[in-house]
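So the structure is just underneath, and the comments pick up after that.
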Amino acid sequence: ANGSSALSSGTLDLGGASRTFTLSPAAALTISSAMSNGTMALSGSGSLTLSNSAGLTLNVPIAGTGTGPLTLSSDNVVTINAALNAGSGAITILVNQDGAGSEGFIQIAAITTTNTSSDPAAPAVRIVVNTAAGGNGTVQLHDITTGPGGAVTVSTTGVMTASGGNTTGGQIAQASI
């Protein structure tokens, strides 16, 4: 039905199609262990985007065997409390995309992909906090693993280049967990 898939079944088979789940509740979105086995499994080659303007918290592991990219996006905070594995898909995390305030990225659990892209324009893992127009959100990192040679890029200026972007972006720190 219009490219939608149920998130409550425990397995989300993307097949070859791309899926976007744009959720706009009045409060922040929390993905919890309501699934029968407590893990969301991703497979197939389609892309998956989970977005929410009010905030996004991942409390249930995502176990990926697929090849498609995974994007988490929020106008406010994004918190990773459970392991995130995108298989061989690239991972993009976009935080504080309204470009206002100090909402940031908090990573408590590991992020993993076997993606080997070292291309700065399309790295294996990309984390962008704030926008070029503004925002001073910070980044708290934990373990991030890629395939051999895979690049991890992190920015709090809203852009992934050495110049441009906002000048009020927050700090990048590694969590002492």
Side-chain angles (χ1 to χ4, degrees), residues 1-23 28-53 55-97 104-129 139-155 160 172 174-175 177:
N2 198 18
S4 64
S5 296
L7 286 174
S8 61
S9 67
T11 298
L12 178 59
D13 185 350
L14 300 174
S18 296
R19 303 283 190 244
T20 299
F21 295 93
T22 302
L23 307 161
L29 171 68
T30 299
I31 301 171
S32 296
S33 57
M35 275 80 57
S36 60
N37 66 0
T39 300
M40 183 190 309
L42 302 178
S43 62
S45 60
S47 64
L48 175 64
T49 300
L50 297 173
S51 71
N52 183 304
S53 61
L56 187 61
T57 300
L58 179 66
N59 285 333
V60 61
I62 294 180
T65 59
T67 59
L70 171 64
T71 301
L72 304 178
S73 177
S74 178
D75 285 350
N76 291 303
V77 66
V78 172
T79 304
I80 307 295
N81 287 326
L84 172 62
N85 182 333
S88 63
I91 299 169
T92 299
I93 300 172
L94 305 171
V95 183
N96 198 16
Q97 293 301 287
F105 175 66
I106 302 165
Q107 181 192 357
I108 305 298
I111 293 175
T112 305
T113 179
T114 59
N115 189 292
T116 59
S117 176
S118 60
D119 180 353
V125 178
R126 174 193 319 243
I127 301 169
V128 180
V129 178
V139 174
Q140 177 182 314
L141 296 174
H142 196 275
D143 297 335
I144 299 175
T145 304
T146 69
V152 175
T153 59
V154 180
S155 169
M160 297 308 295
I172 300 171
Q174 183 172 3
I177 297 172

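Values in this document were obtained by computation on a predicted structure and should not be read as measured data.
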Closer than 3.5 angstrom, by distance alone: can the side chain of [X] be matched with the main-chain N or O of [Y] as a donor-acceptor pair?
X: Thr114; Y: Gly87; answer: yes
X: Arg126; Y: Ala151; answer: no
X: Thr113; Y: Gly89; answer: yes
X: Gln107; Y: Asp143; answer: yes

Any idea which heavy atoms bring [X] and [Y] closest together, and the distance?
X: Pro123; Y: Thr153; answer: CG-OG1, 3.4 Å
X: Ser118; Y: Gly149; answer: CB-O, 3.3 Å
X: Val77; Y: Gly104; answer: CG2-O, 3.0 Å
X: Ser74; Y: Leu56; answer: OG-N, 4.1 Å
X: Asn115; Y: Ser88; answer: ND2-O, 3.2 Å
X: Ile108; Y: His142; answer: O-CD2, 3.3 Å

Measure the [atom1]-[atom2] distance between [X] and [Y] for me, rounded to the nearest 0.5 Å.
X: Asn96; Y: Asp75; atom1: CG; atom2: CG; value: 8.0 Å
X: Thr112; Y: Asn85; atom1: OG1; atom2: CG; value: 5.0 Å
X: Phe105; Y: Ile80; atom1: CZ; atom2: CD1; value: 5.0 Å
X: Gln97; Y: Ser51; atom1: CD; atom2: OG; value: 10.5 Å
X: Leu70; Y: Leu50; atom1: CG; atom2: CG; value: 6.5 Å

Any side-chain heavy-atom pair of [X] and [Y] under 4.5 Å:
X: Ile111; Y: Ile93; answer: yes
X: Leu141; Y: Val154; answer: yes
X: Thr92; Y: Ile127; answer: no
X: Leu58; Y: Asn81; answer: no

Quick one, Thr116 with Thr146, criterion side chain to side chain contact (heavy atoms under 4.5 Å, CB included). Give me CA distance, side-chain angles, the key distance, then yes/no. CA-CA 6 Å; Thr116 59; Thr146 69; over 6 Å; no

